There are 2 protein chains.
Amino acid sequence: MVTNKNCILRLSRYKNALYRFKTLGFHKIFSDYLADAVGVTSAQVRKDFSLFGISGNKRGGYQIDALIIKLNDILGKNELQKVIIAGAGNLGSALMKYKNFEKEGIKIVAAFDIDPSKRNPKFPIPVFALEELEEFVKTNEIKIGIISVPDIAAQHTLDIMIRAGIKGVLNFAPMQLKNAGDCVVNNVNLELELENLIYFVNAMQKSAGVITLNDPLI
Amino acid sequence: MVTNKNCILRLSRYKNALYRFKTLGFHKIFSDYLADAVGVTSAQVRKDFSLFGISGNKRGGYQIDALIIKLNDILGKNELQKVIIAGAGNLGSALMKYKNFEKEGIKIVAAFDIDPSKRNPKFPIPVFALEELEEFVKTNEIKIGIISVPDIAAQHTLDIMIRAGIKGVLNFAPMQLKNAGDCVVNNVNLELELENLIYFVNAMQKSAGVITLNDPLI
DNA sequence: TAGATTGTTAATCGATTAACAATC
DNA sequence: TAGATTGTTAATCGATTAACAATC
């Protein structure tokens, strides 16, 4: 199992770049070209592929169609991914309306909130009581959840999700969560991202230049 | 200049942990204890500090108060950080109401949108026309901006920000942005974070265990 | 002083890159 | 075949960690 997060992020970028090459009418591609498109070395491309047992032709490069299928398979994109949200506040509501998830085959199927005024089982995306989360997750076999509840409620929410059988959580609460089950937690901390950015801006004032903190997300 | 993003993230965690120690009545601390609190090695703590010229006492450890001041200074937290948002849609509006920024000394002072129906100069946080961004940024000496506009508008928005003198951008558009000026761009791509999470969940189905993708954000 | 902790150097670890034999 | 590209091994690079001399 490959556990290098950067490597998986590159797979996503390879995939996105390949769709663009396909649109341009290409059917096969060399590691060289793909590397250029994504901004890495060709050795990196071949190494990443070999980690997943993807092979090309010694002289003909890689078949784009077959490559896209393989990458989508690795990334779990060959089936619709159903996701639930706990916390239908400002951030949760924004995520429910976020168009880019659907483009990527990710569908937010329901949200849950303790506040009755936030509930509405008839929204395009229904908002239920938090108590209904466990049954919903089990009935609909949901594996992925998003935590966008207030900080103090985050741990309790994670516990509920794990008990319900959630296997992966995108957590927006800036809290260290105790993870009891066999569940993957991916933390996104917006304050910290801004704090980090501010450091680099201040540090750059002295030594001018251009920096991109994260790799481009093609 | 230290350009290791992980190192800067650790500084934030040290700082947060130190506030907790201070609350508990401690006045000084050893690298050992701080390391435990943050989940790193004591060598890592001392190494990080030495990179920033922070020194302690050979036998007395580090003075918590002095350390907090120094870390806050490095992280730019000794002054209020004013931030503007371009794009007052779902995500932009949610960020405007996000309480955790203020806790961290980050204040969103204005938003800008091309859609006249989104505008309101009288909101707690005013929403102006995009054309007003440049003057506002110059008048108020803003250095940090957030891009939460639709994908296709992101590059144009960055260009406007750079022309206005913005030095750091938190970009939520899943686009590779061409960065002309001496501006730091920090990309946050929520689709990609979910995609990544889904990979790890699928990969774990085979080899069970507990994974936390990002370090805890204490 | 004896003991404990820092600050730094050297070793280790993991990820990326260069190089090249295999081969289409 | 000659030439070009893959797949993989070895070298490099950067970050983390272990170890320990300096010293309070």
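The shown structure was predicted, so the numbers you read here are calculated from the model rather than taken from an experiment.
Taking side-chain N and O atoms only, B/Ser31 has a distance below 4.0 Å to OP1 or OP2 of C/dT6.
Taking atom CG of residue B/Leu51 and atom P of nucleotide C/dT9, one finds them 12 Å apart after rounding to whole Å. Between the OH atom of B/Tyr62 and the P atom of C/dA4 there is a distance of 18 Å, rounded to whole Å. Note: CZ (B/Phe30) to P (C/dG3) measures 16 Å, nearest angstrom. What separates CZ of A/Phe52 from P of D/dG7 is a distance of 15 Å, to the nearest Å. C/dG7 atom C1' lies 13 Å from atom CD1 of B/Ile54, rounded to whole Å. Rounded to whole angstrom, the span from the OH atom of A/Tyr33 across to the P atom of D/dA4 amounts to 12 Å. Per the geometry, CG belonging to A/Asp32 stands 7 Å off P belonging to D/dT6, to the nearest Å. Taking atom NZ of residue A/Lys5 and atom C1' of nucleotide C/dG14, one finds them 17 Å apart after rounding to whole Å.
With sequence neighbours excluded, the residues satisfying side-chain hydrogen bond (donor to acceptor under 3.5 Å, both in side chains) with A/Lys15 are A/Glu104, B/Glu195. In this structure, B/Asp36 has no side-chain hydrogen bond (donor to acceptor under 3.5 Å, both in side chains) partners at least two apart in sequence or on a different chain. Among residues two or more places apart in sequence or in another chain, the ring pair (Phe, Tyr, Trp, His ring centres under 6.0 Å) test is passed with B/Tyr98 by B/Phe101. In this view, A/Lys82 satisfies the salt bridge (charged side-chain N to carboxylate O under 4.0 Å, His left out) rule with no residue, not counting sequence neighbours. In this structure, the ring pair (Phe, Tyr, Trp, His ring centres under 6.0 Å) partners of B/Tyr14, at least two apart in sequence or on a different chain, are B/Phe49. Not counting sequence neighbours, the partners of B/Phe136 by the side-chain contact (heavy atoms from CB on, under 4.5 Å) test are B/Ile84, B/Val109, B/Ala110, B/Phe112, B/Phe128, B/Asn140, B/Ile142.
Note that SG of A/Cys7 is 5.0 Å distant from CG of A/Leu11, once rounded to the nearest 0.5 Å.
Identified under the side-chain hydrogen bond (donor to acceptor under 3.5 Å, both in side chains) test for residues 25-35 of chain B, with sequence neighbours left out: B/Ser31-B/Arg46. Residue pairs meeting the side-chain hydrogen bond (donor to acceptor under 3.5 Å, both in side chains) criterion with at least one partner in residues 52-63 of chain A, sequence neighbours excluded, are absent.
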For nucleotides 16-24 of chain C, give me one character per nucleotide, 5' to 3': B if any protein heavy atom sits under 4.0 Å from the base, S if the only such contacts are to the sugar-phosphate, - if neither.
SSBB--BBB
Verify side chain to side chain contact (heavy atoms under 4.5 Å, CB included) between A/Asn6 and A/Leu9, making sure each step is shown before the conclusion.
CA-CA 5 Å; A/Asn6 285 332; A/Leu9 290 173; 4.1 Å; yes
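At a threshold of 4.0 angstrom between heavy atoms, the contacts of B/Ser42 with the nucleic acid are absent.
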Toss me the dot-bracket line for DNA chain D: Watson-Crick and G-U wobble, both under 3.5 Å, 5' to 3', using | for pairs to another strand and [ ] for crossers.
..||||||||||||||||||||||
Just distance, no hydrogens or angles: give the donor-acceptor pairs under 3.5 Å from side chains in residues 155-168 of chain A, sequence neighbours left out.
from: A/Gln155; atom 1: OE1; to: A/Lys178; atom 2: N; distance (Å): 2.7
from: A/Gln155; atom 1: NE2; to: A/Asp159; atom 2: OD1; distance (Å): 3.1
from: A/Gln155; atom 1: NE2; to: A/Lys178; atom 2: O; distance (Å): 2.9
from: A/Thr157; atom 1: OG1; to: A/Ala153; atom 2: O; distance (Å): 2.7
from: A/Lys167; atom 1: NZ; to: A/Asp182; atom 2: OD1; distance (Å): 3.1

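Taken residue by residue, residues 67-74 of chain A places no heavy atom nearer than 4.0 Å to DNA chain C.
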